[in-house]
There are 2 protein chains.
Amino acid sequence: MQKEHNLSKNQKIIFDLIDKSGEPMKAYSILFNVQKKGIKAPLQVYRALDKLVEIGKIHKIESRNAFIACQNSSCQVSKATAFSICESCENVSEISNSKLSKYLSNFSDDSGMKYSKYNLEFFGLCKKCKSK
Amino acid sequence: MQKEHNLSKNQKIIFDLIDKSGEPMKAYSILFNVQKKGIKAPLQVYRALDKLVEIGKIHKIESRNAFIACQNSSCQVSKATAFSICESCENVSEISNSKLSKYLSNFSDDSGMKYSKYNLEFFGLCKKCKSK
DNA sequence: AACGTTATGTAATAATATAACATTTATAAG
DNA sequence: CTTATAAATGTTATATTATTACATAACGTT
Ligand SMILES: [Zn+2]
Ligand SMILES: [Zn+2]
Ligand SMILES: [Zn+2]
Ligand SMILES: [Zn+2]
């Protein structure tokens, strides 16, 4: 059972945009797209993004400085994220693989250290791009 | 046997700085530190960084926009990188764990897709910070 | 109503990274 | 040694990404 987050006005506008786009969006592209809805300044976007990331509705693709809606309904807290990124068409998808997440969540390094969060980004060519 | 890369003048200056520091350095901090050596513009730094990343002498910590010298002598091509990052003191260390790298290099997602590269960042508290 | 918390608005600025163009240096053939 | 090619450098300007600072408004709880 996951906590219900009542998004604020700006958060909802920005989440809906990202969610509908279905792909990673950059902050200033988001800004451009929501200006007609009254969101005029970068900070308004970044504040909403920060909150949405915090509650796991979106994730940041660190290598791309872009934000994508969570594609994994069970991933409501952004502590364990994994993505595949096509280096040709920049398609990104979230990987939800329970073995992988279990493996990484339980991973401890050579000094016995365990970690509370991780982010993994795989790079390669997606099927479309590979078959070209 | 790994390929010997003869670093150019700027590449060497910048690699030496990062390597000696032993911790992640940001591009403009690098710039500041090498200005006395004649490197005056951001682009000179970014070009050297790009090359050093390409040949695996340094890695970029994506979540921090920072660059760290490779701590793993066998990791001369930046295709499979893993780091642990302390969220309190920002200490970063490169993880070299053959099981982990084998697991991730061989990982294929639910559609059977395999990937040629990955970058993994673990977050948590380092031993020092945990014991405070 | 009073309070603390969360969200918003706005302007300015900081931090990170690239484009464009000219020149120089290194490497390798012929 | 000359020519060709690629790699690296120098320089200016600009683009992109993100935060600081401060003021105001809305929300949730008691
Ligand atoms: Zn998710
Ligand atoms: Zn693709
Ligand atoms: Zn390395
Ligand atoms: Zn620490």
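Proteins get letters first, then strands, A, B, ... in listed order; numbering begins at 1 in each. What you see is a predicted model, and the numbers here were worked out from it, not measured in a lab.
- Rounded to whole Å, atom P of C:dA7 lies 10 Å from atom CG of A:Leu7.
- Rounded to an integer number of Å, the gap from CD of B:Gln11 to P of D:dT9 is 5 Å.
- Between A:Ser8 and C:dT8 there is a side-chain N or O to OP1 or OP2 distance below 4.0 Å.
- Distance CD1 (A:Ile14) to P (D:dA18): 14 Å, rounded to an integer number of Å.
- Side-chain atoms of A:Asn106 come within 3.5 Å of backbone atoms of A:Lys102 as a donor-acceptor pair (strictly under, hydrogens ignored).
- End-to-end axis angle of the helix from C:dA1-D:dT30 to C:dG30-D:dC1, from C1' rotation axes over five pairs per end: 40° (rounded to 10 degrees).
- Between the side chains of B:Asp109 and A:Asn97, no donor N or O sits under 3.5 Å from an acceptor N or O.
- Using a 4.5 Å cut-off on side-chain heavy atoms (C-beta onward), B:Glu62 and B:Asn119 make contact.
- In this structure, A:Gln44 reaches the C:dG9 phosphate: one of its side-chain N or O atoms is under 4.0 Å from OP1 or OP2.
- Rounded to whole Å, atom P of C:dG9 lies 8 Å from atom CD1 of A:Ile13.
- Taking atom OH of residue A:Tyr46 and atom P of nucleotide C:dT6, one finds them 23 Å apart after rounding to whole Å.
- When the nucleotides C:dT18, D:dT20, C:dG9 are ranked by their closest atom to the side chain of B:Leu43, C:dT18 comes out on top.
- By the 6.0 Å contact criterion, NZ on A:Lys130 is enclosed, its count of non-hydrogen atoms from other residues, nucleotides or ligands being greater than 12.
- Taking OG1 from B:Thr81 and CD1 from B:Ile68, the interatomic distance works out to 11.5 Å, rounded to the nearest 0.5 Å.
- Considering only residues two or more places apart in sequence or on other chains, B:Phe67 meets the ring-ring contact (aromatic ring centres under 6.0 Å, His included) condition with none of them.
- Under 4.0 angstrom from either OP1 or OP2 of D:dT9 there lies no side-chain N or O belonging to B:Lys9.
- As rounded to whole Å, 7 Å separates atom P of D:dA18 from atom CG of B:Asn65.
- Regarding contacts with the backbone of D:dG10, a side-chain N or O of B:Asn10 is found under 4.0 angstrom from either OP1 or OP2.
- Hydrophobic cluster membership differs between A:Val45 and A:Phe32, with clusters built from Ile, Leu, Val, Met, Phe, Trp and Tyr side chains linked at under 4.5 angstrom.
- Using a 4.0 Å cut-off between charged nitrogen and carboxylate oxygen, B:Arg64 and B:Glu121 do not count as a salt-bridge pair.
- Each of A:Leu100 and A:Phe83 belongs to its own hydrophobic cluster when Ile, Leu, Val, Met, Phe, Trp and Tyr are linked at side-chain heavy-atom distances under 4.5 angstrom.
- Taking side-chain N and O atoms only, A:Lys40 has no distance below 4.0 Å to OP1 or OP2 of C:dG9.
- Contacts with DNA chain C (heavy atom under 4.0 Å) in residues 22-29 of chain B: B:Lys26, B:Tyr28, listed by number.
- The aromatic rings of A:Tyr118 and B:Phe122 stand perpendicular to each other, their planes meeting at an angle above 60°, with 30° marking the opposite boundary.
- If you measure from atom CD1 of A:Ile55 to atom P of C:dT6, you get 13 Å, rounded to the nearest angstrom.
- A:Lys12 comes within 4.0 angstrom of nothing in the nucleic acid, heavy atoms only.
- Comparing atom distances between the A:Phe67 side chain and each of C:dT18, C:dA20, D:dA18 picks out D:dA18 as nearest.
- The NZ atom of A:Lys37 sits 20 Å away from the P atom of C:dA7 (whole-angstrom rounding).
- Nearest to the side-chain atoms of A:Pro42 among the listed nucleotides D:dG10, D:dA8, D:dA18 stands D:dA18.
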